[in-house]
Amino acid sequence: MRMSGLLLRTLRDDPADADTDSQRLLLRAGYIRRAAAGIYSWLPLGHRVLRRVEQIVREEMDRAGAQEILLPILQPLELWQRSGRDVAYGPLMFRLLDRKETGFCLSPTAEELMATLVASELSSYRDLPVNLYQIQWKFRDELRPRFGLLRAREFLMKDAYSFDADLDGLRASYQRMYNAYCSIFDRCGLTFRAVEAQSGEMGGDVNHEFMAVAAVGEDDFVWCKACDYAANVEAARRDHSWHHTEVPAAAATVDAPPMEEVHTPGLPGIQGVADFLGVEPSTLLKCIVFDADGELGLALVPGDREVNEFALARAVAPRKVRLYTDEDFAAHPELPKGYIGPHYPGAALVVADVSLDAPRAWVTGANRVDHHARNVVLGRDFAVDVWAGLVTIVTGDACPNCGEPLSVDRGIEVGHVFQLGTKFSKVFGANYVDEHGDEHPIVMGCYGVGISRVVAAIVEEHHDDNGIAWPAALAPYDVHLLALPGRGDAAQAVVAAAERCYEELLAGGFQVLYDDRDASPGVKFADADLLGMPVQLVIGAKGLARGVVERKVRATGDRSELPITEVLAGMLAGAAT
RNA sequence: CGGGGAGUGGCGCAGUGGUAGCGCACCAGCUUUGGGAGCUGGCGGUCGGGGGUUCAAAUCCCCCCUCCCCGACCA
């Protein structure tokens, strides 16, 4: 493509209302334009990127045995009323009436229509399994669209739906989609992890979120850079064996002096007590009071850690847990809030983080206002009813898989796979007849990739101060060819060489963006870096005099020279490495 | 929905009662040509919309709309 004819205007200034790198750069580089809050137009370069992501998704879905179809965006509201999601989605759904006052919505997703379709098209176990997908625009009237393409009201999504005879079939379909998603995000050049989402009450459905690591992500999650461990913060674990190898469980081996009380007036907080006594907060034992089905419980963690409420709930299930609030303490004035220790006589249940199972003496509350206790020893001075991983994971904790340090980062949810079960099949009568003639609801799974969101996630990961640096698999063009003819005697020769080079690369199968504009070198360089094609080829009078073309790799800045006669060969060789 | 901020040319901004300006971009000419060139001359805005106050409103008042940020909410 010749840039002289390309619909492209790059902006020198950052758009005032861009709040993330991806939005800022995609706007500046002329890939997208905002049409309304959370609604964007895709210009030629942006559209090419979108299509390339789409194509990767399509290839991987096809490879996984899914079949592409296309469902309408405009869907009868009646379907959504039947599933109950009319109410569940509420104002998140764009709604409209046709001229006969019949309700419609702009599809925010497509389980209803898919289940309806399958109900009428499939009827026998011989038809199963089936996996159908579409790549279609979705609409959600977000309370607050933001971050450009990351939380848009109109976005391109690949949504797939698997239909199996039973749960085993679903699990196999799910695994195929899971694997396909890993391939998709690998090919897109994203650093990502599949996070098992916190299942709802009583187990719930199995589902994984695919999180692309990015500072602008809207969700915290825990992941290991050394292996594929990942979890959301509520479900994350750490491996204590890496901290406490070879430690006998019997803390009674501690040779500590007897427990003694210390007067710590007006110091209910961990940091205050640690400073007052001249010890590290980690040597304090933090006692968090909770209610477990009406009984008083204590959750014990080291003083420098926080209690993960979800972990606590899992530890004492099926009892229902509620951490004490100020109101609770107000209702129980006998509790010495801020000075409670693990040996509190009224505690019916003591739950401790497993890291406390170590031979050491603690500083903790003395169960008496303005007093703390020193030399408090497990087994001698207090007992634990339940051991569990109770602490909220922080960066640096050991990975439960491999022991390397974990990271707590933010992530962009670029994909989500979900074992749905029979909820929609039952509502829409998507049943099949088994080999014995018995009818069963089809077991469904659903699988989404936010294609337009992936584009933004890629820019978040692949950019620098000068602009975007597309991974080769997604760049709108493979090569950015810059002609710098200048006004000297060599100008015509430079243009001629660039033209030859352009034709040669095209003939060689490369997608080439050719800067043939009558612009200064500075403008061309700046635009090339901003637009972000993976390789830049510069043909100027200087190089031409020596018979060479300069080659710059956008992502690394590495420069090399190719003989003008071997540009295509050089590019082919470069592509191979 | 609560709190805060903002709407002035394609983009970024200035302009607190006197009839709209700067930088970038765009067009023309001349000069310049290896990291967003210079000079000259141009094009382009009913100042978000409506109403009001005033001799006079981008500016003051009222209503509405839109956008942004924080929160709440949430695929």
Side-chain angles (χ1 to χ4, degrees), chain A residues 7-20 23-24 27-30 33-39 41 43 85 88-94 107-111 138-159 197 207 209-211 216-219 411-418 446-453 465-467 482-491 494-495 498 515 517-531 536-546 548-550 552 554 557 559 561:
Chain A
L7 176 69
L8 173 71
R9 170 170 283 177
T10 57
L11 305 177
R12 190 175 297 211
D13 297 313
D14 286 332
D17 52 6
D19 44 13
T20 58
Q23 187 186 19
R24 179 175 63 80
L27 284 167
R28 259 194 71 197
R33 290 289 181 250
R34 200 182 65 85
I39 302 176
S41 303
L43 276 47
R85 293 211 295 180
Y89 270 110
L92 195 62
M93 264 202 316
F94 280 102
S107 168
T109 173
E111 283 81 2
K138 301 295 188 301
F139 298 81
R140 294 181 193 177
D141 194 3
E142 296 284 349
L143 271 176
R144 185 140 89 90
R146 61 180 138 179
F147 303 147
L149 301 177
L150 289 174
R151 182 165 292 276
R153 295 197 291 174
E154 172 176 332
F155 56 98
L156 190 60
M157 176 170 152
K158 186 285 299 176
D159 45 322
N207 68 107
E209 297 173 332
F210 285 79
M211 309 295 291
V216 298
E218 297 187 78
D219 308 287
I412 298 167
E413 186 187 341
V414 288
H416 200 160
V417 292
F418 211 99
C446 66
Y447 317 91
V449 173
I451 294 191
S452 48
R453 180 180 276 183
D465 291 345
N466 295 324
L482 286 72
L484 305 181
R487 289 289 162 87
D489 299 336
V494 170
V495 170
D515 195 343
R517 297 175 300 175
D518 179 22
S520 72
V523 169
K524 293 188 177 186
F525 285 129
D527 275 347
D529 285 348
L530 178 61
L531 294 175
Q536 298 169 14
L537 290 177
V538 182
I539 301 184
K542 287 181 179 175
L544 192 59
R546 292 166 35 238
V548 299
V549 171
E550 271 173 56
K552 173 178 154 183
R554 174 64 183 89
R559 293 166 194 272
E561 292 182 342

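Chain letters run A, B, ... following the sequence lines, proteins first, then strands; residues in each count from 1.
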Practice problem: For A:D527 and A:R517, run salt bridge (charged side-chain N to carboxylate O under 4.0 Å, His left out): C-alpha distance rounded to whole Å, both residues' side-chain angles, the deciding distance at 0.1 Å, then the answer. | Solution: CA-CA 12 Å; A:D527 275 347; A:R517 297 175 300 175; 3.0 Å; yes

Of the non-hydrogen atoms in [X] and [Y], which two are nearest, and what is the gap between them?
X      : Y      : answer
A:D141 : A:P91  : CB-O, 3.6 Å
A:A37  : A:R153 : O-NE, 2.8 Å
A:E111 : A:C446 : OE2-SG, 3.5 Å

Is [X] touching bases, backbone alone, or none of the nucleic acid, heavy atoms closer than 4.0 Å?
X      : value
A:Y89  : sugar-phosphate
A:G543 : base
A:R559 : base
A:E550 : base

Quiz item: Would you call A:D159 and A:K138 a salt bridge, taking side-chain N to carboxylate O under 4.0 Å as the test?
Solution: yes

Report the nucleotide, chosen from [options], that has the shortest atom-to-atom distance to any side-chain atom of [X].
X      : options             : answer
A:L484 : B:C68, B:G34, B:G35 : B:G34
A:V523 : B:C67, B:G35, B:A37 : B:A37
A:A37  : B:C68, B:G34, B:G12 : B:C68
A:D529 : B:G35, B:C67, B:G36 : B:G35
A:F525 : B:G71, B:C67, B:G34 : B:G34
A:R9   : B:A25, B:C67, B:G36 : B:A25

Paired with [N] by Watson-Crick or G-U wobble geometry, both distances under 3.5 Å: which nucleotide is it?
N     : answer
B:G21 : B:C13
B:G41 : B:C27
B:C47 : none
B:A6  : B:U66
B:G35 : none

Can you check whether [X] has a side-chain N or O nearer than 4.0 Å to OP1 or OP2 of [N]?
X      : N     : answer
A:R12  : B:A25 : yes
A:S520 : B:G36 : no
A:R146 : B:C67 : no
A:R33  : B:C11 : no

Practice problem: Take A:L92 and A:R34, find for each the nucleotide of RNA chain B with the closest heavy atom, and name the residue whose nucleotide sits nearer the 5' end. | Solution: A:R34

Exercise. Could you check A:P15 against A:G540 and say which one's nearest nucleotide on RNA chain B is further toward the 5' end?
Key: A:P15

Rounded distance (Å) that lies between atom [atom2] of [N] and atom [atom1] of [X]:
X      : N     : atom1 : atom2 : answer
A:D518 : B:G36 : CG    : C1'   : 15 Å
A:D13  : B:C22 : CG    : C1'   : 13 Å
A:L143 : B:G2  : CG    : C1'   : 12 Å
A:L11  : B:G9  : CG    : P     : 15 Å
A:L150 : B:C68 : CG    : P     : 14 Å
A:F147 : B:C70 : CZ    : C1'   : 11 Å
A:R151 : B:C74 : CZ    : P     : 11 Å
A:D14  : B:G36 : CG    : P     : 18 Å

Using the [atom1] atom as the reference point in each nucleotide, state the distance between [N] and [M] in Å, no decimals.
N     : M     : atom1 : value
B:G2  : B:G10 : P     : 33 Å
B:C70 : B:A57 : C1'   : 33 Å
B:A6  : B:U59 : C1'   : 16 Å
B:C24 : B:G17 : P     : 30 Å
B:U8  : B:G12 : C1'   : 12 Å

Quiz item: Does a distance-only test, which skips hydrogens and angles, find a donor-acceptor pair under 3.5 Å between the side chain of A:R28 and the base of B:G36?
Solution: yes

Exercise. Check whether any side-chain heavy atom of A:R34 sits under 4.5 Å from a side-chain heavy atom of A:I39, and report yes or no.
Key: no

Self-check item: Interatomic spacing from CZ in A:R151 to CD in A:E142 - rounded to 0.5 Å
Solution: 4.5 Å

Exercise. To the nearest 0.5 Å, tell me how far A:T10 OG1 sits from A:L27 CG.
Key: 12.5 Å

